[in-house]
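Sequence lines set the chain letters: A, B, ... in the order given, protein chains first and strands last, and positions in each chain run from 1.
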2 protein chains.
Amino acid sequence: MGIQERKTRHKEDLRKRILEAAKKLFVTAGYEATSIRKIAKEIEFSPTTIYLYYKDKSDIIYALHQEGFQLLRQDFQPLMQVESPFERLKALGRCYIKFAFTHPDFYELMFIMKDPMQYLEINCVEAAWDEGERVFDFLLQTIRDCQEEGYFKGLDTIHVAMEAWASVHGMCALYVSGHLKSMMHVVFGDEDQERMIESAFRVLVHYLESTK
Amino acid sequence: MGIQERKTRHKEDLRKRILEAAKKLFVTAGYEATSIRKIAKEIEFSPTTIYLYYKDKSDIIYALHQEGFQLLRQDFQPLMQVESPFERLKALGRCYIKFAFTHPDFYELMFIMKDPMQYLEINCVEAAWDEGERVFDFLLQTIRDCQEEGYFKGLDTIHVAMEAWASVHGMCALYVSGHLKSMMHVVFGDEDQERMIESAFRVLVHYLESTK
DNA sequence: TGTGAAACTTAACAGTGTTCACTATTTTTG
DNA sequence: CAAAAATAGTGAACACTGTTAAGTTTCACA
């Protein structure tokens, strides 16, 4: 069935083009600007057509959410080769922070916005958030490796991982939301935000180091 | 006439009643449900009337943001009396987390949403975010007191404070956004979220303690 | 009582997500 | 080959949203 095949390919193509348009709007103009109608205009189709390829807006948002995790995994790829577990752990943290600074919109979509998590809860009760799982598993394994070298003695792996993630996520979230900026305007001179987070991260690393 | 009665009852403090209505909708039905039109319906006035008392929606949102900080300061009040600085620091963290769990909507408004920060940037370039400043100052002073007792040796006060805030905020943010829930569904059995955060917090406290 | 200001509302604009009913076009089938 | 059926796409509408310009009502004071 060559014709069938071509048709389904065309259909897959349009689905992809919708996501591409959504992504373009998202990265250039932010979440607010990414409306069904604007996506439709971008691909020169009627807004209703989009509903033939995606269930609703949250469906598209979740697809973007997954694109973000693909980006993050690409950034993480090289870190797999770092031999020393503790160096790998530090690099992981730095890489995570850098991602948040480089793609703040994606970071917000992936780790801050409620919508994608709600989408998961509603649409697939079982196979929940494997994107998050994969990233967290990498963190878990790295911490386990650190423990084999004597770090985090007497501490539970999962709780250490949770604390580490929360620390770094906290910094990134405060940056992305603008709270760090408002804060620094007041408390600190004009040392820029990235340097502030670097310093906070160094404090964290100091804590982690001294568990050995 | 019910309308006449309504008009003579509260005429001057309509501004306050608008905020009360907004707060009621906000705490009972969340941010999404807090629209100008619904607030208007709540106080039995036309939507346009609200614009005579508040510049725009972000003006109301920011007023709610401030209400939230009033609540948080009330919770913090008793902690001022804790003598031991390190005990005070721990209590501060626990109290902060408890606030996020008790008032997740307010927490989101205060520490996660961009809108109130944008409002500050636009409307008062100078006197930025004194609410945040006051809370952070309390944290800073507590850490300084800890340092006088030998904690956090060789670490910068502000960077330690930043790291501590980020850690605890990270936990709260992951809870409020639902990411913690989705995560735990996968990684961990069904230890509930609050216990997970408690454990992560204990890890943090362990780090802090071992700086002495 | 007349007037001007203040308080408030109506109607509208421009935007949002979403659905229903409809029209072409293409494919399948009797 | 023509009729029926499935497919792809659309226009108009619904029910919302924040916001504003213009108009009306109310009321104190000269």
Novice: Is the A/F76-A/F69 ring centre distance short of 6.0 angstrom?
Specialist: no
Novice: Identify the two heavy atoms, one from B/K38 and one from B/A33, that lie closest to each other, and give their separation to 0.1 Å.
Specialist: CD-O, 3.1 Å
Novice: Could you check how far CG of A/L52 sits from C1' of D/dG11, rounded to whole Å?
Specialist: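 From A/L52 CG to D/dG11 C1': 14 Å.
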Novice: In this structure, how many angstroms lie between the C1' atom of C/dT9 and the CG atom of B/L14, rounded?
Specialist: 14 Å
Novice: Using a 6.0 Å distance limit plus a 45 degree cone around the ring axis, check whether A/K57 lies over the aromatic ring of A/Y31.
Specialist: yes
Novice: What about B/F101 and B/Y107, are their ring centers closer than 6.0 Å?
Specialist: no
Novice: Whole angstrom is fine here: how far is it from CD1 in A/I43 over to C1' in D/dA8?
Specialist: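 Distance check: A/I43 CD1 to D/dA8 C1' gives 13 Å.
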Novice: OP1 or OP2 of D/dG9 less than 4.0 angstrom from a side-chain nitrogen or oxygen of A/Y53, does that happen here?
Specialist: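 A/Y53 to D/dG9 OP1/OP2: side-chain N or O found under 4.0 Å.
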Novice: Between P on C/dT9 and CD1 on B/I50, what's the gap in Å once rounded to a whole number?
Specialist: 10 Å
Novice: Is any side-chain heavy atom of A/F106 closer than 4.5 Å to one of A/V27?
Specialist: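 When only atoms from C-beta onward are counted, A/F106 and A/V27 do touch, with a gap below 4.5 Å.
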Novice: If you check the B/S46 side chain, which of C/dC8, D/dG9, C/dT10 turns out closest?
Specialist: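 Nucleotide nearest to B/S46's side chain: C/dT10.
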Novice: So what is the end-to-end bend of the helix from C/dT1-D/dA30 to C/dG30-D/dC1, with 5 pairs used at each end and the value given to 10 degrees?
Specialist: 40°
Novice: Measure the OH-CG distance between A/Y62 and A/L109 for me, rounded to the nearest 0.5 Å.
Specialist: 11.0 Å
Novice: Does any non-hydrogen side-chain atom of A/M171 lie less than 4.5 Å from one of A/Y96?
Specialist: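 A side-chain contact under 4.5 Å is absent here.
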Novice: At under 4.0 Å between heavy atoms, how does the protein contact nucleotides 12-21 of chain C? Give one character per nucleotide, 5' to 3', with B, S or -.
Specialist: B---BBBBB-
Novice: Give me each pair satisfying salt bridge (Lys or Arg N to Asp or Glu O under 4.0 Å) with a member in residues 90-111 of chain A, each pair once, sequence neighbours excluded.
Specialist: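 Those involving residues 90-111 of chain A are A/E87-A/K90, A/E108-B/K114.
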